[in-house]
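We number each residue from 1, following the sequence as shown. For ligands, and for the atoms within them, numbers begin at 1 and follow the listed sequence.
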Amino acid sequence: MELLRRNRILRASPAIRSLVAETILTPADFIAPLFIDEGENIAFEIPSMPGYYRRSIDGTIKEVKELWSMGIKSILLFVKAADDTKDNTGKESWNPDGLMQRSIKAIKDAVPGMIIMTDVALDPYSSYGHDGIVEDGEIVNDRTVEALVKMSLSHAVAGADIIAPSDMMDGRIGAIRQALEQNNFTKTGIMAYSAKYASCFYGPFRDALDSAPGFGDKKTYQMDYANRIEAIKETLMDIEEGADIVMVKPAMAYLDIIREVKNAVDVPVSAYHVSGEYAMIKAAAKMGWLNEEKAILESLTAIKRAGADLIATYFAKDAVRLLL
Ligand code: PBG
């Protein structure tokens, strides 16, 4: 054969492949989610997330120091609220001495350079396990947004760098941005969970925080996974309302959405490789059916290739070790 083009030339060795690789993961691509609990010296392995822990603040600080030393620059905080603090108003979520607020302060003191992102939604604090306030069996929008604004301001006061609303209520980004401005938090960013789908892949996360909905599902606020155009609408509205970073969630089953959003916006795009995606790889690896290390790198590279500038993933530390 006489071929003018032989594509295999650029695949012949690891060296040439690395010269022409289009997508390269780095530690600064990752956001490490952290689950925090009350107490001291607590490290609870989440049953459906083997190898991932919910820790008390002391252990969380050690973990954050380690993440920072590995070159990971951001963390996303979730707390497990005590059962006796849960109600239908979510008021524990803006308690200045709440677990989240204490965690933010302690981490800021210990590792000032780390970018602290905080989840904003009522589910860990809700007696119904819903992201909003419930009235007559419905998750009401506007009252919920008022609560989310208080929650966001309390995170900003505690020292959060970036507020990350994951609740999917209408108008919350604009309301939070306005409240930040009015209270002079002009350096606090917003990462909006803009295209967040109602997904079964959040199951293990709800185990981690004991936050599964007590009735019904989240389909009246999170998006229908049948929809693509709606993701662009949601994302553009969040940017108009003041989002600095937008997010698509989950990641692996939504690579098309990540790419469409990336092409449509001029702000950084993040993707959340969620708990169920972590659990699937862990489970298959445990059975000996998948090579865990290869599955991690292939998944995260694919998410970045699809268009994610940032990736929230429970594999952040594993990935950095594998990249070395
Ligand atoms: C809370 C929240 C959820 C996740 C992030 N923030 C759960 C949900 O919406 O039910 C899921 C994260 C994961 O599964 O890893 N609103």
Kindly state each residue pair satisfying ring pair (Phe, Tyr, Trp, His ring centres under 6.0 Å) with at least one member in residues 243-264, sequence neighbours excluded.
-> Y197-Y254
Check: [Y] and [X] side chains under 4.5 Å, non-hydrogen atoms:
X	Y	answer
D37	I57	no
M70	R321	yes
D58	N41	yes

Can you pull the residues with any heavy atom under 4.0 Å from ligand 1?
-> F78, D119, A121, D123, D131, S166, K196, F201, Y202, F205, R206, K218, Q222, K249, Y272, V274, S275, Y314
Test Y52 against every option in F315, Y314, F205 by the ring pair (Phe, Tyr, Trp, His ring centres under 6.0 Å) rule and name the one that passes.
->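 Going through the options one by one, the only one that passes is Y314.
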Test applied, side chain to side chain contact (heavy atoms under 4.5 Å, CB included); reference residue, Y128; option that passes from D123, V134, L122, D87 = V134
